[in-house]
Amino acid sequence: MKKPDHSPWKLDTLLVHGSGPKGTMNAAGEPTVQPIYASTTYLHPDAMTLDYALDGRLPSGEPAFAYGRQGNPNAYALEDLMGKLEGGVGAAVFSSGMAAIHAALLAAGLAPGTKVVAAQDLYGTTITLLRKVFMPMGIEVVLCDLYNPDVAAFIQTEQPDVVYVEIISNPLVKVIDLDTVAAAARAVGAVGIVDSTFATPYLLRPIEHGFDLVVHSATKYLGGHGDSTAGVVISAKNSLLESLHTYANTLGAMLSPFESYLIMRGLKTLALRMERHCANALQVAHFLQQHAAVERVHYPGLSGHPQHELATRLLGHKGYGGLLSFELKLQAREAAYRFIDHLQLCLPATTLGDVFSEVSYPPMSSHRSLTEADRQNIGITAGCIRLSVGIENVEDIINDLDQALIK
Ligand SMILES: *Cc1c(COP(=O)(O)O)cnc(C)c1O
């Protein structure tokens, strides 16, 4: 079998075949699926080859492994595929989304005396990472509303070293003007990092919009089945990729062969799942919008969403993602709990992006550490519910929401 040339393949094909056989068939035959390499150590025919393997590559350019913390064939295959999917020069995988974000911020050059400008409504633990780990190291952290139209002027004034954003915010699903932010970051020489967890490369490839590093919590849509925790950083530049690998090795948050295998298995169906997530979410958003017990629905696919046009430009040709939030007419914690307790299909879960529909109450979960006033300030009301729309039959999802809403 000839070694396949992946370059002309479209994303859906790459997802299915990107981790396929290497084309080095031996007498015993080659498995169609990469086996799990459960070994901490790799042996080589001679000391010279081991010497090369310790640097990760043979003179032929083939990857080589020596010790588990430095990498394994399953993690390598996942890195290779993620790099291709996002159009980067390569990727590094980590044992969680947070480990990936930590390494990305370090690789971007955050060190004492530097400054990072980040969106104020980032994923809660990312804010905590900036405040509790980076600020005490002497890094200036500026959190602000980067979803507003003056974002370019703001970045120009602040002159940061790193700009960090999420494409779609949680839970109000605001959409960032990626091109404007990337251009503004570039103009001041800042490294641009974007958390693309909610979009996935199926909907959007931020490197094409000028970002330097793309991070994902692969725990969500990339894995998609609620059975593995993982993170990935994709780099647009070789220099950044090199420091990512240095941090991956020295911080020790390597992704295990088992988890790499599960994420790879999940990726095979990413395109199909995203297609269904997006179609279901749009239908659920329309249903909720006309429901008597619902005050407001936040979904970029609705024409009333403040960034609907921007979202259509960035994501719209394939869909608007699987995540939405809505506000109950009864703006009270008790009403939210009653609704959640009456659900029979949608799971009360603090995660998202899985095949099953998942509901969370941000004041209890993702935005728990904020005061009521802080939450009001960023628009998260007491009746706010976040819904990660799964790939079940959409009528079953809608019926479940309906019966719980009228209780
Ligand atoms: C879940 C999540 C993270 C953190 O990822 P873990 O895999 O839980 O460490 C970061 N960013 C976003 C947007 C997330 O949803």
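- The two residues I378 and L172 make their nearest non-hydrogen contact at O-CD1, 3.1 Å.
- Residues H291 and D402 have side chains that bring a donor and an acceptor to within less than 3.5 angstrom of each other.
- Applying ring pair (Phe, Tyr, Trp, His ring centres under 6.0 Å) to Y320 and the options H305, H286, H308 leaves one that passes, H308.
- In terms of heavy-atom proximity, L54 sits nearest to A66 at CD2-CB, 3.6 Å.
- Shown here for L143 and A119, the closest heavy-atom pair between the two residues is CD2-O, 4.0 Å.
- Under 4.0 Å is where a charged nitrogen must lie from a carboxylate oxygen, and between K220 and D354 no such pair does.
- Atom OH of Y337 is surrounded by more than 12 heavy atoms from other residues, nucleotides or ligands within 6.0 Å.
- Between A190 and P160, the shortest heavy-atom contact is CB-O, 3.4 Å.
- Ring planes of H102 and F134: perpendicular class, angle over 60° (limits at 30 and 60°).
- To the nearest 0.5 Å, atoms CG (L270) and CZ (R273) are separated by 5.0 Å.
- At most 12 non-hydrogen atoms from other residues, nucleotides or ligands lie less than 6.0 angstrom from CD of E242.
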Inset, instruction - Decide ring pair (Phe, Tyr, Trp, His ring centres under 6.0 Å) for F339 and F326; before the verdict, give the C-alpha distance in whole Å, the side-chain angles of both, and the deciding distance to 0.1 Å. - result: CA-CA 12 Å; F339 165 73; F326 60 97; 5.8 Å; yes
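- Note on ring orientation: taking the six-membered ring where Trp is involved, the planes of F65 and Y76 are perpendicular (angle over 60°, cut-offs 30° and 60°).
- Counting heavy-atom neighbours within 6.0 Å of Y52 OH, excluding the residue itself, gives a total of 12 or less.
- Salt bridge status for E86 with R205: absent, with no side-chain N to carboxylate O gap under 4.0 Å.
- Using a 4.5 Å cut-off on side-chain heavy atoms (C-beta onward), V359 and P348 make no contact.
- Using a cutoff of 4.0 Å between basic side-chain nitrogens and carboxylate oxygens, E62 and R57 are not scored as salt-bridged.
- The nearest pair of heavy atoms linking L213 to A108 is CD1-CB, 4.3 Å.
- Taking CE of M364 as the start and CD1 of I340 as the end, the distance is 5.0 Å to the nearest 0.5 Å.
- Screening L352, T197, V389 for a side chain to side chain contact (heavy atoms under 4.5 Å, CB included) with L323, the sole residue that qualifies is L352.
- Taking the side chain as every heavy atom from C-beta outward, V215 and V232 never approach each other to under 4.5 Å.
- The number of heavy atoms from other shown groups lying within 6.0 Å of CZ (R375) is above 12.
- Between atom CD1 of residue I139 and atom CG of residue L110 there is a gap of 5.0 Å, rounded to the nearest 0.5 Å.
- Here the closest heavy-atom approach between residue M274 and residue F198 is recorded as CE-O, 4.4 Å.
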